[in-house]
Amino acid sequence: MMVSSLSGSILHFLPNSCDPPYKVLEEHPHLNLLSKCNNINSLRQIHSLFIKTGLHNTTFALSKLIHFCAVSPSGDLSYALSLFHSIQHQPVSNPFIWNTLIRAFSLSLSPIFSLQLYLHMLHSGVQPNSYTFPFLFKSCAKAKATLEGKQLHAHVLKLAIHSNPHVHTSLIHMYSSVGQLDYARLVFDKSTLRDAVSFTALITGYVSEGYVDNARHLFDEIPTKDVVSWNAMIAGYVQSGRFEEALACFGHMQEAYVSPNKSTMVTVLSACGHLGSLELGNWISSWVRECGLGSNLQLTNALVDMYSKCGEIDTARELFDGIEERDVISWNTMIGGYSSLGLYEEALALFELMLRSNVTPNDVTFLGILPVCACLGALDLGKWVHAYIDKNLKSTNNASLWTSLIDMYAKCGCIEVAEQVFGSMHSRSLASWNAMISGLAMNGDAERALGFFSEMANEGFQPDDITFVGVLSACTQAGLVDLGRQYFSSMIQDYRISPKLQHYGCMIDLLGRAGKFEEAKIMMRNMEMEPDGAIWGSLLNACRVHGQVELGEYVAERLFQMEPENPGAYVLLSNIYAGAGRWDDVARIRTRLNDKGMKKVPGCTSIEIDGVVHEFLVGDKFHPQSKSIYRMLDEVDKLLEESGFVPDTSEVLYDMDEEWKEGALSQHSEKLAIAFGLISTKPGTTIRIVKNLRVCGNCHSATKLISKIFNREIIARDRNRFHHFKDGFCSCDDCW
DNA sequence: CTAGGGTTAG
């Protein structure tokens with residue numbers, strides 16, 4: 001919208017005064033009623049009283065009414081407007097009323113309307129004053145109406161009110177928040193007004209454009225820094241992710257004897273959470289109690305966030321439970337806290353409670369819940385979330401929400417749906433490309449993962465370290481040694497990304513599985529950092545695949561030292577011995593494991609039926625439908641036998657890794673889950689299961705056959721990848 | 001009678 005240029009006639013217009021003097025009216029008894037009015041209904045009553053007594057004919061009384069419903073939080077802007085229109089028949093020459101309505105729109109969801117009102121004001125011949133412009137500039141800032149803001153700037157200059165401090169600062173603020181730093185700076189530099197307020201307006205502009213160091217220089221120039229300017233600087237560091245500096249700034253603030261307030265603490269708590277500074281967090285917590293601010297919602301939310309980020313989830317929950325009226329941020333913070341600590345059940349339980357409490361979830365809620373769906377393989381819930389987003393949050397610009405959906409579908413094995421979501425995104429982010437690439441890789445489609453990588457480059461996206469984790473893992477899953485090497489060196493040379501542990505992990509896994517042990521060892525020696533347990537672990541797994549007993553023993557010893565509490569290395573080494581037929585050594589390792597009191601993580605498979613997640617352990621008889629499950633299992637085994645399937649008993653020991661020895665092969669958790677899936681879903685439905693460990697060789701062969709016999713697609717997610725079983729084949733080509 | 005800068009979840 002363009003504001004017509006201010007004509008001379010309007011500038012020189014002198015409003016007529018048709019109201020009786022204010023003083024007389026101020027003493028009118030009914031006017032005092034407004035000060036006690038606290039809701040729209042009593043306002044209506046007062047309004048009717050005004051009509052009865054004839055007060056409604058005075059602009060002064062109406063302006064009081066309008067002010068109440070336009071600005072008070074319990075007011076009603078449309079009521080204010082109808083009051084305003086009721087006095088349209090006579091010229092509203094009182095700028096106060098116009099200003100009030102312009103202010104009301106600047107606070108509303110459609111601030112741009114205040115500009116329309118401003119135009120209307122000009123056409124009615126009312127001269128804007130120094131009160132009008134701060135509201136207008138706030139609206140321009142909110143609506144990012146740069147062009148209109150510049151025109152209004154011209155009006156300010158014509159009216160010669162640019163040296164008014166309020167007008168001046170709101171102008172700087174407007175240019176700052178639409179990203180026009182040069183103009184903000186120009187306004188600032190042209191004026192002699194250099195108080196903390198105008199400095200701060202400029203500082204936040206620099207911060208939001210990412211120039212936190214420039215902001216700091218300005219900050220240092222402020223003659224007398226007040227709380228707000230300190231808060232702005234601390235928040236600037238927090239927004240730039242420079243949390244240590246935020247805390248240092250907070251320290252300087254205290255040295256300068258400026259007392260912090262609520263906002264200071266809210267901001268500092270956010271930094272504490274990111275840095276895990278529990279000590280400072282606790283100190284602020286007692287500050288909050290001492291100041292009697294324990295019931296302040298913003299502060300409590302910030303404390304909940306800080307505690308959960310510091311891992312003190314129970315303290316966080318206690319605070320959360322103590323909140324009288326939780327807002328959506330309280331819920332999101334708590335759910336996100338559980339989610340990021342891997343406490344999935346708790347996160348889901350709280351989400352359910354949130355919905356039952358009739359709190360409307362928003363995009364941030366789902367950013368906490370979708371990773372839970374992804375980790376648990378809870379596809380039904382994930383689909384529900386997707387439908388909810390489509391229905392209620394369709395217009396969200398939040399690219400990370402769509403990315404979370406892509407990730408969820410990919411991790412639930414629905415790579416086609418993930419791709420549909422990706423295709424429907426309005427503006428793709430780097431993260432969404434990354435999610436697609438690693439999603440395709442983990443679903444065993446290396447070729448398309450690499451295809452997406454080149455496509456993304458064509459669309460002008462610069463890959464980052466996470467992209468390359470996806471690309472390299474695609475190579476690893478598919479055993480593409482040469483390509484993997486090429487991408488690895490291209491990452492370093494062409495993209496100047498220095499490899500991290502995860503990249504080395506992929507490469508060593510890739511080389512080891514291809515039997516290139518020498519090359520893997522050289523790479524491990526040349527790494528800039530110490531290889532971690534995961535890297536030694538993948539080398540040990542490679543030793544298992546290639547029957548490398550001697551190297552395996554060496555690698556296992558390293559792992560025993562590095563991670564004495566991790567039974568994984570013992571299990572893998574015993575597998576290596578079993579594979580070589582060295583049963584005495586198998587027994588020796590098992591004794592060693594038992595002596596240490598370590599237990600193998602039990603194999604556990606889950607399957608979601610109608611939104612409920614059912615978990616199975618080896619030989620598990622706890623399920624309410626246990627009897628029918630075992631009846632189905634017998635039938636499965638019978639059919640397997642009839643089609644010539646011979647259980648590989650050597651694998652019982654060989655694969656102790658996965659299910660130890662306590663259960664018969666046919667009672668492995670994945671088979672229980674599949675049997676349950678067969679009796680609980682309609683024929684032909686895809687069965688999806690999630691296993692916490694790698695799938696065992698015997699079950700893998702059995703599942704391939706089951707997919708053919710029962711004509712079912714079975715999608716199994718194990719610890720690191722997917723197996724799509726169909727017609728007797730698996731997408732992994734029997735290599736995992 | 002109104003007015004300027006900072007403030008929580010990802």
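Residue numbers start from 1 in every chain, and the chains themselves are labelled A, B, ... in the order their sequence lines are given, proteins ahead of strands. Bear in mind the structure is a predicted one, so any value in this text is a computation, not a measurement.
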*Which whole-number value in Å describes the distance from A:F188 CZ to B:dG4 P?*
19 Å
_Between B:dG5 (P) and A:N261 (CG): distance, integer Å_ = 15 Å
_I want to check one thing: is the phosphate of B:dG10, taken as OP1 and OP2, less than 4.0 Å away from some side-chain N or O of A:K309?_
yes
*Considering residues, nucleotides and ligands other than A:K144, do more than 12 of their heavy atoms fall under 6.0 Å from its NZ?*
yes
_Contact list please: residues 241-255 of chain A against DNA chain B, heavy atoms, distance less than 4.0 Å, in numerical order._
none
_If you only use heavy atoms from C-beta on, which nucleotide in B:dA9, B:dA3, B:dT7 is closest to the side chain of A:Q298?_
B:dT7
_ring pair (Phe, Tyr, Trp, His ring centres under 6.0 Å) against A:H386, all qualifying residues, sequence neighbours excluded_ = A:Y409
*Out of B:dA3, B:dT7, B:dT2, which nucleotide sits closest to the side chain of A:S130?*
B:dA3
*Can you list the residues that meet the ring pair (Phe, Tyr, Trp, His ring centres under 6.0 Å) rule with A:F188, with sequence neighbours excluded?*
A:F199
*Planes under 30° and centres closer than 5.5 Å, is that true for A:H166 with the base of B:dG4?*
no
*In whole Å, what is the span from the CE atom of A:M265 to the C1' atom of B:dT8?*
14 Å
*Return the nearest nucleotide to the side chain of A:S170; candidates are B:dT7, B:dT2, B:dG4.*
B:dG4
*asked:* Quick check on the 6.0 Å ring-centre criterion: do A:H162 and A:F133 meet it?
replied: no
*Is it the case that more than 12 heavy atoms not belonging to A:K262 sit under 6.0 Å from its NZ atom?*
no
*Quick one: list whatever passes side chain to side chain contact (heavy atoms under 4.5 Å, CB included) with A:S429, sequence neighbours left out.*
A:A399, A:T403, A:A431, A:S432
*List in numerical order all residues of residues 321-328 of chain A for which some heavy atom is under 4.0 Å away from an atom belonging to DNA chain B.*
none
*asked:* Parallel, tilted or perpendicular, judged at 30° and 60°: which one describes the rings of A:H274 and A:F243?
replied: parallel
_Rounded interatomic separation in angstrom, taking CD1 from A:I203 and P from B:dT7_ = 12 Å
*asked:* Please classify the nucleic acid contact of A:V266 as base, sugar-phosphate, or nothing, using heavy-atom distances under 4.0 Å.
replied: sugar-phosphate
*Nucleotide of B:dG5, B:dG10, B:dA3 approaching A:A196 most closely (side-chain heavy atoms)*: B:dG5
*Would you mind telling me which of B:dG10, B:dT7, B:dG4 lies closest to the side-chain atoms of A:N398?*
B:dG10
*asked:* Checking A:D226 now: which residues fulfil salt bridge (charged side-chain N to carboxylate O under 4.0 Å, His left out) with it, not counting sequence neighbours?
replied: none
*Which nucleotide, B:dG10, B:dC1, B:dA9, lies nearest any side-chain atom of A:D363?*
B:dG10
*Check A:S108 against A:P111 and note the closest heavy-atom contact, atom names and distance.*
O-CD, 3.8 Å
*A:P165, nearest nucleotide to its side chain (from B:dG4, B:dT8, B:dA3)*: B:dG4
